[in-house]
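Reviewing the structure listed below.
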Amino acid sequence: MVRQQKQYFPVTEPVTITLARRSRGRPRKLPPPRRFSAIELQARLGPRLAEAVAANWQGCSLRELRAGTRSAAHVAEARQVGMYLAHTLFHLSMTRTGAVFGRDRTTVRHACQLIEDQRDRPLLDEPLLMLEAALARWAADFARVLTEDEP
């Protein structure tokens, strides 16, 4: 069945500002856009950057990483690394980190414990050190650029 759109009022004259005001009242003035501080932007951008970097590092897509089901081992490890980086590097609570990744806080705790226990392996620790340094720099640079005043 195809729905037909209702015509609420027939337009018999050209639409002008005067007609719009007469039909809808005075237009409302929008509030000014909210300005975020660099720290707020870093807290908002950081977890998403951590998620993207972890997915890229393990060679999986963000769609796989954000899937609500258990995944292949490399996808689960990428998700755990992303949660670990978001929690430790950007100082998010486990509840907030879980909300970003679509998981429960206990899952975040488990992921952080797993990654922390595996930091003894050089194959995981060295890349994590590089990822942490890169993420901290990128998040700070993005936040700085976005908070600069426009000319």
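Sequential numbering from 1 along the given sequence is applied to the chain's residues. In what follows, every heavy atom counts, from backbone to side chain, and hydrogens, waters and symmetry copies are set aside.
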Find out if a path of hydrophobic residues (ILVMFWY) with successive side-chain heavy-atom gaps under 4.5 Å connects [X] to [Y].
| X | Y | answer |
| --- | --- | --- |
| Met83 | Trp57 | no |
| Trp138 | Val100 | no |
| Met94 | Val81 | no |
| Leu85 | Leu49 | yes |

Worksheet item: Any salt bridge between Arg48 and Glu51, counting N to O under 4.0 Å?
Response: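 Result for this pair is yes, salt bridge flagged.
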Nearest heavy-atom pair of [X] and [Y]: which atoms, and what distance?
| X | Y | answer |
| --- | --- | --- |
| Gly82 | Ala54 | N-CB, 3.6 Å |
| Ala86 | Ala50 | N-CB, 4.0 Å |
| Phe101 | Pro47 | CZ-O, 4.3 Å |
| Ala67 | Arg103 | O-NH2, 2.8 Å |
| Val75 | Cys60 | CG2-CB, 3.9 Å |

Worksheet item: Rounded to the nearest 0.5 Å, how far does NE2 of His87 lie from CZ of Arg109?
Response: 11.0 Å
Practice prompt. First locate atom CG of Asp141, then atom CG of Leu45, and finally report the distance between them rounded to the nearest 0.5 Å.
Written response: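 Taking CG in Asp141 and CG in Leu45, the distance rounds to 11.5 Å.
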Worksheet item: Around atom CZ of Arg96, are there more than 12 heavy atoms of other residues, nucleotides or ligands at under 6.0 Å?
Response: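 No, because the 6.0 Å sphere around CZ of Arg96 holds 12 heavy atoms or fewer from other groups.
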Worksheet entry | CZ (Arg70) with more than 12 external heavy atoms under 6.0 Å |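 No.
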I'd like to check [X] versus [Y] (side-chain heavy atoms, cut-off strictly below 4.5 Å). Are they in contact?
| X | Y | value |
| --- | --- | --- |
| Leu65 | Leu62 | yes |
| Glu132 | Tyr84 | yes |
| Gln118 | Glu77 | yes |
| Arg119 | Leu128 | yes |
| Thr88 | Ile115 | no |
| Phe90 | Leu135 | yes |

